[in-house]
Amino acid sequence: MQWTFTLDQLPATAQQFWEYFADKQVFTLDGPMGAGKTTLVKALCTAKGVEDATASPTFSIINEYGYTDAGGQPRRIFHLDLYRLRDEDDAISAGVEDTLYQDAICFVEWPEVVAPLLPPGTIHLQLEVQPDEKRVLREIASSLK
Ligand SMILES: Nc1ncnc2c1ncn2[C@@H]1O[C@H](COP(=O)(O)OP(=O)(O)OP(=O)(O)O)[C@@H](O)[C@H]1O
């Protein structure tokens, strides 16, 4: 599956994303600096019903958002930015492994450092910038070792 979208089309893309990945929970997100990874995760949070998805993961490793699901239950979304972690031990000390195994949605930027810790069924996503500035989001086979 792949989606191509402008910033204006992002909310609609986010809706389609959750229709497609309805029962999936852990996603890695690959893409160059400035591709729009943070913008994408915020739109995906908003589409789930998160009311204030404004915290920036640039300054913290794990950001947590809350929303209420269709059945009225409180649910969580974690946005992990592992850019500054050196190794798996660092990640475990920061609580990353625990977070990945919660019954919650997780988006993981810079996931290489936790490759062995990712749960089975993790979806790997890639965000690309086209020459016309549109973004392309697609599922890729894992290239993590
Ligand atoms: N679909 C899109 N079409 C056009 N511009 C976009 C789109 N998505 C995001 N942008 C723009 O790209 C810029 C970078 O977005 P953002 O900060 O989310 O990138 P990022 O990949 O998270 O960057 P970093 O990796 O540095 O945190 C922003 O100015 C944003 O408005």
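On a predicted model such as this, the values are computed, not experimentally measured, just so you know. Both counts, for ligands and for their atoms, begin at 1 and track the order of listing.
At least one donor-acceptor pair under 3.5 Å links the side chain of W18 to the backbone N or O of L44. In this structure, the side chain of K48 does not engage the main chain of R75 through any donor-acceptor pair within 3.5 Å.
Judged as a salt bridge (charged side-chain N to carboxylate O under 4.0 Å, His left out), and not counting sequence neighbours, the contacts of E128 are R138.
With a 4.0 Å heavy-atom cut-off, ligand 1 is reached by the backbone of T6 but not by any atom from C-beta on. By the criterion of a heavy-atom distance under 4.0 Å, both the backbone and the side chain of M33 are placed next to ligand 1.
Crowding of Y101 atom OH: a count of heavy atoms from other residues, nucleotides or ligands under 6.0 Å exceeding 12. Remark: Q16 CD is packed, more than 12 non-hydrogen atoms of other residues, nucleotides or ligands lying under 6.0 Å away.
When each atom of ligand 1 is checked for a heavy atom of T38 under 4.0 Å away, the hits are 18 (O), 20 (P), 22 (O), 27 (O).
Checking V108, V113, L85, D90 one by one against V96, the side-chain contact (heavy atoms from CB on, under 4.5 Å) holds for a single residue, L85.
Taking all heavy atoms of T4, D8, L40, L7 into account, the minimum distance to atom 9 (C) of ligand 1 is reached by L7.
For G34, the heavy-atom gap to ligand 1 drops under 4.0 angstrom. Ligand 1 has at least one atom lying under 4.0 Å from a heavy atom of E133.
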Atom pairs and distances, side-chain donor-acceptor, residues 20-30, under 3.5 Å, sequence neighbours left out:
residue	atom	partner	partner atom	Å
Q25	NE2	D103	OD1	2.9
T28	OG1	H124	ND1	2.8

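For ligand 1, the polar-atom distance check finds no N/O of E109 at less than 3.5 Å from any of the ligand's N/O atoms. Not a single N or O atom of K134, backbone or side chain, sits closer than 3.5 Å to an N or O atom of ligand 1. Distances between N or O atoms of L10 and those of ligand 1 include no value under 3.5 Å.
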